[in-house]
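Counting convention: from 1, in listed order, for ligands and their atoms alike. Since the model is a prediction, treat every value here as computed from it, not as a measurement.
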Amino acid sequence: MAKAIQAIRGMNDILPDHIGFWQHLENTVRTILTAYGYQEIRMPIMEKTELFARSIGEVTDIVEKEMYTFADRNGDSLTLRPEGTAGCVRAGIENGLMYNQIQRLWYTGPMFRHERPQKGRYRQFHQIGAEVFGLNGPDIDAEMIVMTARFWRALQLPEVELQLNTLGSNEARAQYRDQLVAYLSDHMDQLDEDSRRRLNSNPLRILDSKNPDMQTLIAGAPQLLDHLDSESADHFELLKQRLTQAGVAFQVNPRLVRGLDYYNRTVFEWVTTQLGAQGTVCAGGRYDGLVEQIGGRATPAVGFAMGIERLVELLVQAQVGLPDSAPHVYFIMAGAEAEQQGFLLAERLRDELPQLRVLNHCGGGSIKNQFKKADKSAAQLALVLGESECQQQQVQVKYLREERPQQTVAQTELVTVLKTVLAL
Ligand code: HAM
């Protein structure tokens, strides 16, 4: 036998035993997004490399070391999308969705980052993201965060906590950055290698360092919250008020800076302690400068994306009940005549009862064997069609999950009987 080929490290198959959780999550989130007025948009999974370099930031981990970038046959540099915001903004500008308009958009699909794979961190992973364009007030930030809180309630995932911060305006942040660099430069001996590298390129990210040896230094650093411009401070106050009024608890985390460069003002993350090191299940914030930065007219924007794998893992852990997807009926057919009649009868049932889940037995075999398969399928009923049922235009209804005598039903009555028995 030839050696079997395996999937690429960090890129997983999603198998049928988990797909119910994915669909439950996707359906729940889609229903709520639609109820808040969001419309779906679908972008290509590849973009020109320059788009990500310009939007996510040249000196971020993603752009520096995690992108799947390659030259295509024309020699153009392309990148598999590491996230959806850049492509969504590009699509909005290119298709004239932005200028003087308000858009609430959402998307879902695979994203690609060449990170070190571990539980909850993959090289191909999936996000559901949402972006709002054209609104600059804290009301939409609040609405968006309250909507995410609604997702977790609807999914019965209470163990997630909201962390909130504001990065202020670009100008205020630039001033703060100078102070931070001055403070850190005075303590150069305490900086680890990574932080020294970031000192001039991306000093705010140093605040996010997980290195225990650096925590005292970070705790003593000047805080961005003390250097906010007054508009950003007001924006943040109003956002906090709205969340409190809506009963959404949050924790202000002054060290929350995010790993992508495009944010200003509001940033937030939903985190859980149930997933080990990769505990952020949803993250986002405001990015008022990005549309202009990649060639559109200045348009305020705010958005978030959730990691589907991490949320599915929470659903699995919480043993959240899924909608039943087992067949209602398993169709047993004995003999050539029954196979032919049964095939057509099953199609008629599907015409008249679109919500009925029918699994036909295919491939012949003994009745005993077919009953075994019926049992294994978890169907509630077996419909049995043999030679004599064919002649009499009847079918036997056998109850597989309850003690109840078998019934002989005329084929013309079958829809009515199934409707009653299965409460369809
Ligand atoms: P992000 O924080 O890079 O933000 O990713 C959002 C979420 O995607 C994370 O919180 C996590 O749940 C999931 N995620 C990220 N990387 C991985 C991975 N390697 N494996 C599994 N899950 C992962 C963004 O992507 C922004 N575009 C969010 C945004 C939208 N901001 C504004 N609009």
Just by distance, no angles: are the side chains of Arg286 and Thr266 close enough, under 3.5 Å, to form a donor-acceptor pair? no
Checking the N or O distance criterion of under 3.5 Å, is ligand 1 in contact with Gly284? no
Pick from Tyr287, Tyr107, Tyr262, Phe125: the one approaching atom 15 (C) of ligand 1 most closely through a non-hydrogen atom: Phe125
Hey, which atoms in ligand 1 end up nearer than 4.0 Å to a heavy atom of Leu260? 3 (O), 4 (O)
Glu47 and Leu80, any side-chain heavy atoms less than 4.5 Å apart: no
Those atoms of ligand 1 less than 4.0 Å from some heavy atom in Val281: 12 (O)
The side chain to side chain donor-acceptor pair (under 3.5 Å) partner of Tyr107 among Glu131, Glu40, Gln127 is Glu131
Full working for salt bridge (charged side-chain N to carboxylate O under 4.0 Å, His left out) between Arg205 and Asp208: CA-CA 5 Å; Arg205 285 288 283 165; Asp208 211 20; 2.8 Å; yes
Relative to the heavy atoms of Ala305, which atoms of ligand 1 are at a distance of less than 4.0 Å? 6 (C), 7 (C), 28 (C), 29 (C), 30 (C)
At what distance is the nearest protein heavy atom to atom 21 (C) of ligand 1, and which residue and atom is it? Gly120 O, 3.2 Å
Row check, Phe371 ring normal vs Lys398 NZ/CZ: under 6.0 Å, within 45°: yes
Tell me which protein heavy atom sits closest to atom 13 (C) of ligand 1, plus the residue, atom name and distance to 0.1 Å. Gly307 CA, 3.6 Å
Only heavy atoms count here, so choose which of Gln127, Glu269, Arg116 is nearest to atom 8 (O) of ligand 1. Gln127
Any donor-acceptor N or O pair under 3.5 Å, side chains His235, Asp141: yes
Result of checking Glu313, Arg310, Glu115 against Gln278 for side chain to side chain donor-acceptor pair (under 3.5 Å): Arg310
Asp192 and Asn211: side-chain donor and acceptor closer than 3.5 Å? yes
Quick one: look at Ile62 and ligand 1, take heavy-atom pairs under 4.0 Å, and tell me if it's side chain, backbone, both or neither. neither
Please determine, by modelled atom types, if Asp229 and Ser169 share a side-chain donor-acceptor pair under 3.5 angstrom. yes
Do any nitrogen or oxygen atoms of Thr85 come within less than 3.5 Å of a nitrogen or oxygen of ligand 1? yes
For Tyr99 and Thr299, does a side-chain donor sit closer than 3.5 Å to a side-chain acceptor? no
Below 4.0 Å from ligand 1: does a non-hydrogen atom of Tyr263 turn up there or not? yes
Closest by any non-hydrogen atom to atom 3 (O) of ligand 1: pick that one out of Arg81, Arg258, Arg113. Arg113
Quick one: which ligand 1 atoms are inside 4.0 Å of a heavy atom on Glu131? 30 (C), 32 (C), 33 (N)
So, is Phe304 polar-close to ligand 1, with some N/O to N/O distance under 3.5 Å? yes
Looking at OG of Ser55 and CG of Leu260, how far apart are the two atoms once the value is rounded to the nearest 0.5 Å? 8.5 Å
Which residue and heavy atom of the protein sit nearest atom 27 (N) of ligand 1, plus the separation: Glu83 OE1, 2.5 Å
Can you name the atoms of ligand 1, numbered from 1 with element, that are less than 4.0 Å from a heavy atom of Arg310? 11 (C), 12 (O), 17 (C), 21 (C), 22 (N), 23 (C)
Please check if atom CZ in Arg297 has more than 12 non-hydrogen atoms from other residues, nucleotides or ligands closer than 6.0 Å. no
Atom 19 (N) of ligand 1: closest protein heavy atom, distance to 0.1 Å, is Glu115 OE2, 2.7 Å
Kindly indicate whether the side chain of Ile128, heavy atoms from C-beta on, has any atom under 4.5 Å from the side chain of Met306. yes
Heteroatom proximity flag, Glu309 to ligand 1, N/O under 3.5 Å: no
Atom 9 (C) of ligand 1: closest protein heavy atom, distance to 0.1 Å, is Thr280 O, 4.0 Å
Atom 20 (N) of ligand 1: the protein heavy-atom neighbour that sits closest, reported with distance to 0.1 Å: Tyr122 N, 3.0 Å
Number the atoms of ligand 1 from 1 as they appear, then name those within less than 4.0 Å of a heavy atom of Arg121, with their elements. 19 (N), 20 (N)
